[in-house]
Amino acid sequence: MTRFGQSLIQGLGNGSIYALLALGFVIIYKSTLVISFAQPALMVAGATMVVFLTGSFGLPFFAAVPVAMLLTALLGLIVERSALRPMVGKPVFVVAIITIGVDITIRVVVNRFLGNTIRNFTSPWGLDTLRVGDVFVQQRFLAMMLTTAVVVAALFAFFKYSRTGLAMRATAFDQETALAQGISVGMVFALSWAIAGALAALAGTFVGTGGSIDQQTWIIALKALPAIIIGGLDSVGGAVIGGLVVGVIEALVGTYQPTAAPWLGNNFAVVSPYVVLLIVLLLRPYGLFGTPEVERV
Amino acid sequence: MLSVENLEVVYDDVILVLRGVSLDVPEGKIVALLGANGAGKTTLLRAVSGLLDVHEGEVTKGQITLDGDPIHHLSPARVVSAGVKQVLEGRRVFAEFSVEENLRVGAHRNTRRLSENMERVYDLFPVLRDRRRATAGYLSGGEQQMLAMGRAMMSDPRYLLLDEPSLGLAPLLVQQIRDLIVEINQRGTTVLLVEQNASMALSIAEHGYIMETGKIVMDKGASELLEDEDVREFYLGLHDEGTPRSFRDVKHYKRRKRWLS
Ligand SMILES: Nc1ncnc2c1ncn2[C@@H]1O[C@H](COP(=O)(O)OP(=O)(O)O)[C@@H](O)[C@H]1O
Ligand SMILES: [Mg+2]
């Protein structure tokens, strides 16, 4: 039971990282129909900023994170304006390839800052644990879960109640009608990249928390892909659930598979989300919460 | 006054769709723009609202002015801010949103007086007040048309451009929509009404324009148009004895149509 509790919390914590990345992806996809592969770069850019802001600039962690989120939002905005806006109307596939180019470019720059060393990450939690009942859980996982819950709630409120959030949803649903209401669609495009940037920076911070980052850290962001596909490309709620599902599966398989099914080999946990992904795709090709084929009256 | 002067519009750089269209919508009036499918009515409205861009269309000649200021190069957002709002053909409500959310999106350029405008719209369309929490996609066709019009009214426009509001509605609903257009106009909004239902449009308009393949072919007071023999025959589906007749019976339709222009 303790083992289960521990691995569940760890899964939900790591799942929050995937959820934040998937959220950014879905927000970009919904409002601009761009499939963005630039999320990993935005994530490591954000994490690297936290390293330098807390290190070289001596900012406290809780100040560095919002600053890094803001800067990465700005980076997302610049990417949208310079690399993607001129591509509006081009085939989806072409635009997706461009985002891969953007991803590589940003990562090259980030790697210059990171260098060939491992960058230690100072966070208030480190690897400290907290006792809940008879389970020892790492504080950082709880912090990730809580922060993500707050961020997701804030995002939902933003999309439901704010003028800008409604404008973004309207644009996602029907661009021409949104334009006819006087919504500036360009603003919506830029904003969706900015939000995705901020979320990616937060995800990157969580990746570093309790450890370090280096030039290989970006690979973690790839786990957002099964999360998105499990949740459904166009579902904001699905992105969150997809992320958590991937995190939990990975943690549980990592905990139990080596003893329960050793014949599956070492590190089966790493591929387990993809197995689930395949099963989901077989049963519901548009994801658990995605829209089958949006019919409009 | 909203004026279109000698307007030419081209799609995809080559397809000339409007060939020198001129029309005037004087403040306070209802003006009807009639014409068969494909005549270019929607294109004209797009040119006014700045929506040509999304369709790869472009104004290549002429101009559109609002009280003398050219507006045909403004973004849709600017046009809305200037007080001109278009209701797109086919209603196009945000089907996943609630009725009230649809209205709030309509207020995007005018949020300061949101609650005031919402009350005004609910007074105009009481059905919408009753169904404010309903999902827009589940409304009936008539209700959706009302929602689309109410959403447009949320920014308190001076000019309302309606693109075939009666399309696909039962006769009783068409009447209801017609009365609502009159009501909106009486409350101070100028209306440019694009319709294929000529009798409905001419029954409330002061002036009418008839468009064929990108040109205005007739431009008269509404009552004169209603009297006009050709209009009666081709757009009202009535021939001399006043009994309905279908297009199929009008063998010389094509020839006569050319004669019209
Ligand atoms: N986006 C477009 N690209 C090319 N041609 C178009 C486009 N939209 C409309 N057209 C053409 O322009 C003409 C006028 O269309 P439209 O303005 O929709 O007419 P109406 O509203 O009177 O039915 C039609 O021949 C139509 O095929
Ligand atoms: Mg039309």
Side-chain angles (χ1 to χ4, degrees), chain A residues 26-27 29-33 81 85-91 155-192 232-238 286 289-297, chain B residues 42 45-46 48-56 74-98 100-112 114 135-141 143-144 148 151-155 157 161 163 168:
Chain A
V26 168
I27 288 171
Y29 178 74
K30 276 183 79 100
S31 40
T32 69
L33 288 184
R81 201 74 190 78
R85 191 76 63 86
M87 291 295 138
V88 168
K90 297 277 183 302
L155 266 180
F156 270 86
F158 168 75
F159 284 124
K160 183 115 185 83
Y161 300 110
S162 79
R163 165 178 179 263
T164 311
L166 265 175
M168 291 183 75
R169 274 167 64 209
T171 305
F173 188 81
D174 181 343
Q175 199 164 306
E176 188 183 11
T177 308
L179 280 167
Q181 309 311 316
I183 292 167
S184 158
V185 167
M187 181 274 291
V188 168
F189 286 8
L191 198 58
S192 59
L233 273 183
D234 60 348
S235 165
V236 172
Y286 36 85
F289 304 93
T291 326
E293 186 66 55
V294 190
E295 288 265 356
R296 267 154 214 174
V297 208
Chain B
T42 299
L45 296 190
R46 282 177 189 155
V48 176
S49 335
L51 291 173
L52 281 176
D53 255 5
V54 256
H55 296 276
E56 310 289 332
L74 297 185
S75 67
R78 289 282 186 78
V79 175
V80 170
S81 294
V84 180
K85 200 87 170 270
Q86 181 182 348
V87 179
L88 301 182
E89 189 176 341
R91 332 196 201 298
R92 307 274 285 264
V93 298
F94 298 115
E96 296 171 352
F97 293 21
S98 71
E100 193 153 311
E101 281 175 332
N102 267 276
L103 295 181
R104 277 166 56 210
V105 176
H108 188 78
R109 287 277 140 203
N110 194 349
T111 38
R112 251 178 302 128
L114 177 73
T135 302
Y138 295 134
L139 299 185
S140 70
E143 289 167 340
Q144 289 195 6
R151 183 177 61 189
M153 294 306 290
M154 284 300 291
S155 60
L161 318 176
D163 199 349

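What you find for B:Arg92 and A:Glu176 is that their closest heavy atoms are NH2-OE1, 3.0 Å. Shortest non-hydrogen contact noted between A:Ala180 and B:Val80 is O-CG2, 3.5 Å.
No other option in B:Arg46, B:His55, B:Arg78 has as many heavy-atom pairs under 4.5 Å with chain A as B:His55. Chain A forms more heavy-atom pairs under 4.5 Å with one residue of B:Leu51, B:Val87, B:Asn102 than with any other, namely B:Leu51.
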Under 3.5 Å, side-chain donor or acceptor atoms of residues 181-191 of chain A against the rest of the protein: list the pairs with distances, not counting sequence neighbours.
from	atom 1	to	atom 2	distance (Å)
A:Gln181	NE2	A:Thr177	O	3.3
A:Ser184	OG	A:Met187	N	3.3

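Within a 6.0 Å sphere centred on CZ of A:Phe158, other residues, nucleotides and ligands contribute more than 12 heavy atoms.
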* To do: Given side chain to side chain contact (heavy atoms under 4.5 Å, CB included), test A:Arg169 with B:Glu96 step by step and report yes or no.
  => CA-CA 10 Å; A:Arg169 274 167 64 209; B:Glu96 296 171 352; over 6 Å; no
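Proximity to chain A is limited to the side chain of B:Thr111, based on heavy atoms less than 4.5 angstrom apart. Looking at B:Val54, the atoms closer than 4.5 Å to chain A (heavy atoms on both sides) all sit in the side chain, from C-beta outward. For B:Arg151, the parts lying near chain A are the backbone and the side chain together; criterion is any non-hydrogen pair under 4.5 Å.
Taking CZ from A:Arg163 and CZ from B:Arg104, the interatomic distance works out to 11.5 Å, rounded to the nearest 0.5 Å. One finds the CG atom of B:Asp53 at 9.0 Å from the CG atom of A:Leu179 (value rounded to the nearest 0.5 Å).
Ring pair A:Phe173/B:Phe97 is tilted by interplanar angle, where 30° to 60° counts as tilted.
Not counting sequence neighbours, the partners of A:Tyr29 by the side-chain contact (heavy atoms from CB on, under 4.5 Å) test are A:Phe25, A:Leu33, A:Ile35, A:Leu233, A:Asp234.
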